[in-house]
Amino acid sequence: MEHKVMSLLHNSRNLGHLRQAHALVLKTRLDANNHVVAKLLRTLLAQPSSRGDPLPYARSIFYSVSSPDAFIFNTMMRAELVSQRPRETLSLFLRMRRRDGVFCDSFSLSLVVQACGRLMDGDNGRTVHAQGIKIGFESDLFVQTALIEMYAKLGSVEISKRILDDLEEPDLVSFNVLLAEYVRIGEVQLARDLFDKMLERDLVSWNTMIHGYATLGDVMEARNLFDEARERDVVSWSSMIGAYARTRQSNEALKLFHEMQLANVVPDNITMVSVLAACGDIGALGMGKMIHEYIKRTRIEVDMKLGTSLVDMYAKCGDIDSSLRVFNQMDRRDVLTWSSAILGLANHGSGQAALQFFSEMIAEGIEPDDMAFVGVLSACSHMGLVDEGWTYFTSMSDVYGIAPKMEHYGCMVDILARAGRLQEARELIRKMPFAPDAVVWRALLGGCRVYKESDLAEEATVNLLELEPNADGNYVLLSNIYTQEKKWDKVIHMRKMMRNVNIEKVPGSSSIEVDNAVHEFIAGDRSHPRTEEIYQMLSEMLEKLKAAGYKPLTSLVSHDLEERQKEIALAHHSEKLAIAFGLVSTNPRTPLRIVKNLRICDDCHLVIKLISKIYDREIIVRDRNRFHHFLGGSCTCKEYW
DNA sequence: CTAGGGTTAG
């Protein structure tokens, strides 16, 4: 009978088979046979995790065994450990020690030591270590490796190092564990010293070092090691792509992903998280969609993190519908998933929906994070909800215990300033626990311009110039204010000031994706292969615009130029070039998606509205702050940006 | 009587 049950278990392909086998075990009283129960447990635990959490069932089997042996204990301890329940592993170990006749072995020790490390339970950890010495497992590499990891996690990496040094025959894994722990605590140089001293290194050693430099932000050194390694697997590639993605070298990240495919290394869900982040960063929707298709086609598991990356990518690429579609398909969502959707909705001008999502998230018992509040406050800003904004802002610290950061103050100042409550905005800046940055002053200034508060505007601009003395845009703002106020002496003074500093024009650049290739333009760009067509289209556009009554807002141009030259400068703004290229290179009525690195200027905003009507095109522009959907002559931002 | 335990990327 035992043989029959064992082969039944051996051939169990799913939970149904397994339950049948379990029933047979109980019927034939084989549950007293530890050998059979162990096989049952291990078969169950080997089931793919997608069929639900096997732990409750495994526990019920375990606790029904009358006299479990060490093997069964160890099986259960490991099951708890790999399911992130180290406390259960520890209590199983303690239970085991209390049982007569069940002696823990080196397997139990290595598992419980890992558990203590993850729990950062130094008391139990050291006790177990002492017991291990008494029983005599000092020569067991598995136990020693677990101890190296445990002491590092307890904050005593010197002890880890000593254990490694004392090993008579350390193997690669024991070295690799210490390497990884050095990296985890940020001691990359110590890791490097150890790495250099190692006589033998495997892929894990190399990957650990690549990741180490990547976390330091030293992408160059990470790349050096990546290039130097004679073998690269999916972890090496993912680490390196992730390093580029985190430092926003997104084109580099995508280039490397391409090389990875040429190298025939199969990407997994972790690779895709970084690749999608890169797509979102540069707004490459076509590329992002291809990645999504690839994920579906190759059945890469869309877990919570990958799902969140898709939600985020689609939102950042301006496709909020797809973003929400993925969001709705996910069966589990954490705070990052919700926050990505909330911020996405807010940036698309769907303030109401963003606030709705926020309350649903709270109703589900999920604690909001920084990003969720940026989303909520931007939503309030777009809708002009001042009191609601205040309520959310104060609830951050009062209800959720989150200290508002600079960006939250920036949003709040923006909300107040847009509503014309400029003194309150100024007061809030005064009360901030840190020195305001340029974003905060710009938010105040935005309101001052609208409500013609010239004294406050001057104060804001002076502060702004102190923080960013080299940005030419700030001088334009100040000059506009003085001109408006007819304070000519100040205009002259300012121009003198400008001559004394090094004005750096932050080049505005816009990109547009056509046939999955991203084309980038800077103002006055003539480097594109289809430059002739683009400029021809541009003059056609201007003719039609002027026929529709458009007058270039030349007062926005800072230089001392002739009126005609100012018009040319405006007409050559990067977003206009990108749109001209879009118009000549896509079929009629194809939506155009533009990504701009700065805020869109008033003239371009006006022009794009008209273009959307004249050429019957939906145009979606992502600027530094939010999305603008232009359609039929108007924009979803309602002039609010 | 045997099984079984340790390392890297989001």
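Chain naming here is simple, since letters A, B, ... match the order of the sequence lines and numbering starts at 1 in each. Note that these values count all heavy atoms, side chains included, but never hydrogens, waters or copies made by symmetry. None of the values given here were measured: they were computed from a predicted structure.
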Starting from [atom2] on [N], measure out to [atom1] on [X] and report it in whole angstrom.
X: M209(A); N: dA9(B); atom1: CE; atom2: P; value: 13 Å
X: R223(A); N: dA9(B); atom1: CZ; atom2: P; value: 20 Å
X: E301(A); N: dA9(B); atom1: CD; atom2: C1'; value: 16 Å
X: D140(A); N: dG5(B); atom1: CG; atom2: C1'; value: 8 Å
X: M272(A); N: dG10(B); atom1: CE; atom2: P; value: 16 Å
X: W206(A); N: dT7(B); atom1: CH2; atom2: P; value: 22 Å
X: Y213(A); N: dA9(B); atom1: OH; atom2: P; value: 17 Å
X: L92(A); N: dG5(B); atom1: CG; atom2: P; value: 16 Å

What nucleotide among [options] has an atom nearest to a side-chain atom of [X]?
X: V273(A); options: dT2(B), dG5(B), dG10(B); value: dG10(B)
X: R42(A); options: dG6(B), dT8(B), dG4(B); value: dG4(B)
X: D303(A); options: dG10(B), dG5(B), dG6(B); value: dG10(B)
X: S274(A); options: dG10(B), dT7(B), dT2(B); value: dG10(B)
X: L306(A); options: dT7(B), dG5(B), dG10(B); value: dG10(B)
X: N74(A); options: dG4(B), dA9(B), dT7(B); value: dG4(B)
X: V173(A); options: dG10(B), dA3(B), dG6(B); value: dG6(B)
X: S238(A); options: dA9(B), dT7(B), dG10(B); value: dA9(B)
X: H35(A); options: dA9(B), dA3(B), dG5(B); value: dA3(B)

Problem - Ring-on-base stacking dG5(B) with F142(A) (under 5.5 Å, under 30°) - result: yes
Exercise for the section: Answer yes or no as to whether dA3(B) has its base stacked against F71(A), where stacking requires a ring-centre separation under 5.5 angstrom and planes under 30 degrees apart. Expected result: yes
Practice task
Look at the side-chain N and O atoms of R78(A) and state whether any lies under 4.0 Å from the OP1 or OP2 oxygen of dG6(B).
Solution key: yes
Handout entry: Distance test, side-chain N/O of H211(A) to OP1/OP2 of dG10(B), below 4.0 Å
Key = yes
Exercise for the section: Could you tell me whether D193(A) and K197(A) have a side-chain N and a carboxylate O separated by less than 4.0 Å? Expected result: no
Fill in the blank from the handout: salt bridge (charged side-chain N to carboxylate O under 4.0 Å, His left out) test vs E293(A) passes for just one of K289(A), K296(A), R297(A), namely K296(A)
Problem - From R85(A), R87(A), R59(A), residue fulfilling salt bridge (charged side-chain N to carboxylate O under 4.0 Å, His left out) relative to E80(A) - result: R59(A)
Practice task
Could you tell me whether the side chain of P267(A) reaches within less than 4.5 Å of the side chain of M272(A), counting heavy atoms only?
Solution key: yes
Problem - Side chain proximity check, K316(A) to D281(A), heavy atoms < 4.5 angstrom - result: no
Practice task
Report yes if a donor N or O on one partner sits less than 3.5 Å from an acceptor N or O on the other, where the partners are the side chain of D105(A) and the base of dG5(B); otherwise report no.
Solution key: no
Practice task
Classify the side chain of N176(A) and the base of dG6(B) as holding, or not holding, a donor-acceptor pair under 3.5 Å.
Solution key: no
Practice task
Tell me whether the guanidinium CZ or amine NZ of R19(A) lies under 6.0 angstrom from the six-membered ring centre of Y57(A) and within 45° of its axis.
Solution key: yes
